[in-house]
Amino acid sequence: MIQSIGTYLPSWGKDLSRLPGDDEDVVTMAVSAGLNALASVDPGGVTSVHLVSRELPLLEGGNSAALLAGLGLPATLDVHEQSGGAPAALMTAASVPPGTLIVAADLDGGAGAAAVITGRSGSSLEITGRIARSLPVAARGWTGPRRDYGDPRLLRELGVKESLKELGAAKVSAVAGLRGKEAVQLCMGDPPALPTVGASAAFFALAGLVDRGELADLVAIEQASLALAAFGSGPVPVVREEPVARAPIATRPASDTDISISLAAYGRAFDAKLRLLAARCTTCGTLSYPPRLRCISCGSEEPTDTVPLSRQAEVYTVATIHVPVPGLGTPYTVVLAELDHAGVRVLVRLTGAPPGSVAIGDRGRMVFRRVAIRMGIPDYGYAFLPSPEETAA
Amino acid sequence: MRRVAMVGAGMTQFGELFGLGIKEMVPMAVSEAVASVDKGFDRTAIEAAWFGELVPTDGFASGILADSCGLLDIPVTRLENACATGNDAVRHGFLGVASGMYDVVLVAGADKVRETSTQTTFWDWMSMTRDMAWDFPLGLVAPANFALHAARYLHESPATREHMAMVAVKNHHHGVSNPKAQLRFDITIEDVLNAPMVVEPFGLYDCTPQSDGAAAVLLVAEDVVDRYTDRPVWIRGVGLGVDRVMHAHKPDMTTFPPTVKAAKKAYAMAGIGPADIDVAEVHDCFTAVELINYEDLGFCEKFEAYKLVEAGETSVGGRLPVNPSGGLKAKGHPPGATGVAQCVELFEQLRQSACNQVDGARWALAHNVGGPTAVSAITILSREKG
């Protein structure tokens, strides 16, 4: 049973074809979508996590620890990192036990992420047919570049149509993995328009089918492979984070200068930085962020408690960098943000809004983003996402 | 403690000195300091040296000073204290003499900011002063560091970008007549306000240039001062202040607490207050920083710095001229040399031989603030032995 659905789309590009911000990747988008799915359930009930994408940031080095940290889930959970498209996401969601969070995320062909959580209530999801066929019109090996065979007609005729025929599939309610007209042709009625074509499209399709009030058939397609499923009509909460798309900001691209990293410093900071955890002094209760040995207020050096910080924040001061900076696209904005009710400020970059678009006193929240890529390693942390409606209030 | 006198001072031109390395600049500055001593100076009299260099560009810094200046038989120590390196090096030379340990010491400072490509300079220099896990990857380049202060300062005080521009116009004007200055041309308020943005709220003319340069001073004990000159300049006060390193931990970004702390110590040691200062060289790496400095140094009340520039009180000819050399803004800012070069300027001011002479100057103050705005060093100089 699908118990909860969450989605996330970056702010940039067109409504149905988003571009990731330069601080976003599959892990950061997966965190945003995953948190939206978790908002409707008890996170303590989640016992394992699947991440499905064709664009995992690291093939070696691991994405799981960052994903769990961003989601605020224990580092002891099972994480399955899976390279796959829409059929893989759909089949995973239909086959895992209750208490599993499955997040699918994409960059190419429309950036976005969507997540489902399985449970004992909600809406049923059952695979009714699947087929794996090889027609690799797009191919990408472990060494890097994608090769495009460049024959969409071949894919449609010999790939998609043949596979559907082999499964004996009739018209469906939704298609994940194809764009616009191509998808509509396979559907009856008015299928949901989906913003992605990769793994996450399967869950965007489920989100679009919720509340139809009847059993719905859908098909997830990746090249010539596909999965057919029947999605029930039970109630499923859907939390969408799909801001109105803005035209991407013209920025001076980052040079290829490598920003050096100390993995020792990275390792020490990891939990506090990716989980937004402060140290609370056991003597006077003062919060310190980043955590420190000696209390910033009373000087106690007793062991501290670890506490999560408020995500709601206000701009204390701000600076926008216009000059070229090696390894970072400019302009970009740095914000010193004061967290609500914490007595803690954090220095972060602005995200999801044009550089220079926030002022002292503006409201917003801390969101999980990629701060930099340093010597090939994604360096995750938090950024300030403005909440204009809260500022206006 | 013994009284300590400055008897010689010298510096190189500041600028893009592509033709000169550290090994040339440092001996040039030291030789000019030696040559400036009224009654002559034999460098074998130097018993110890301190060398301020923020980022060593050609390796082992103290060895390079000893080797390039012919000082192989004395202790030499390299000192680094972010942008306060220069005045902190002077403070260490002062301590060496005041303590009775040495009679004659050399204090030198130098840096070559233009030694690496502009493509990498930001990261090369940032890695010295930022937390590697937390602040470094954010792109908190040096101007951004100060811009966070400036933005909050503009928010809370009546000062505007026009007042910042007045600082740039003033210091550029002072720099025109200083042959050692890097930027020797006048600019207008409009030039400053219309310049390309570097880091908001700093346009190009709100920022110091990137500079190479070296400076040196010779300090001696009161017991031996007569051998060298009849008109010494006395070091009457030194102070160093520090603060929380990360901006997240600074409760009030409209001030630099290190300056307040360093000034308190230096004024108390000299037995004077801010009203006694006749001329000052303060750290104007960015225009708004000079405004904040006026308040932190006690030259005016909190949030009233704008009145000083509006009234021209800190221009040469005004009540308290600030940065008659052109300051970091026009003279240039090779960090290790900057504070030492401020003392070179004030040595000349107090001996009535400066290029922009402040009439009758008796008390002078040199000031640096740096690091991620977490350290300040101040030197107070006087014609009076006290």
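Each chain gets a letter, A, B and so on, in the order its sequence line appears, and its residues count up from 1.
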Subject >> CD1-CZ distance between A:I259 and B:F136, expressed to the nearest 0.5 angstrom >> reply: 6.5 Å
Original post:
To the nearest 0.5 Å, what is the distance between OG (A:S260) and CE (B:M132)?
Top reply: 3.5 Å
Original post:
Which of residues 371-382 of chain A have a heavy atom under 4.5 Å from any heavy atom of chain B?
Top reply: A:V371, A:A372, A:R374, A:D379
For [X] and [Y], work out which heavy atoms get closest and say how close.
{"X": "A:I296", "Y": "B:R244", "value": "O-NH2, 3.0 Å"}
{"X": "A:Y266", "Y": "B:A133", "value": "N-CB, 4.5 Å"}
{"X": "B:P137", "Y": "A:K273", "value": "CG-NZ, 4.3 Å"}
{"X": "B:L138", "Y": "A:V334", "value": "O-CG2, 4.3 Å"}
{"X": "A:T317", "Y": "B:A151", "value": "OG1-CB, 3.5 Å"}
{"X": "A:R349", "Y": "B:G139", "value": "NH1-N, 4.2 Å"}

Tell me, side chain or backbone of [X] under 4.5 Å from chain B's heavy atoms, or both, or neither?
{"X": "A:Y289", "result": "both"}
{"X": "A:V344", "result": "neither"}
{"X": "A:A383", "result": "neither"}
{"X": "A:R369", "result": "neither"}

Original post:
Any donor-acceptor pair under 3.5 Å linking the side chain of B:R152 with the backbone of A:I360?
Top reply: no
Original post:
Stepwise, does the side chain to side chain contact (heavy atoms under 4.5 Å, CB included) test hold for B:M246 with A:R292?
Top reply: CA-CA 12 Å; B:M246 297 175 111; A:R292 43 191 287 140; over 6 Å; no
[X], [atom1] atom: more than 12 neighbouring heavy atoms under 6.0 Å:
{"X": "B:K264", "atom1": "NZ", "answer": "no"}
{"X": "A:E389", "atom1": "CD", "answer": "yes"}
{"X": "A:R280", "atom1": "CZ", "answer": "no"}

Subject >> Option in A:P290, A:A337, A:A269, A:A319 with maximal non-hydrogen atom pairs under 4.5 Å from chain B >> reply: A:P290
Original post:
Only one of A:V318, A:T320, A:T333 forms a side-chain contact (heavy atoms from CB on, under 4.5 Å) with B:E200, so which one is it?
Top reply: A:T320
Original post:
Which bit of B:P196 comes within less than 4.5 Å of chain A, counting heavy atoms only: side chain, backbone, both or neither?
Top reply: neither
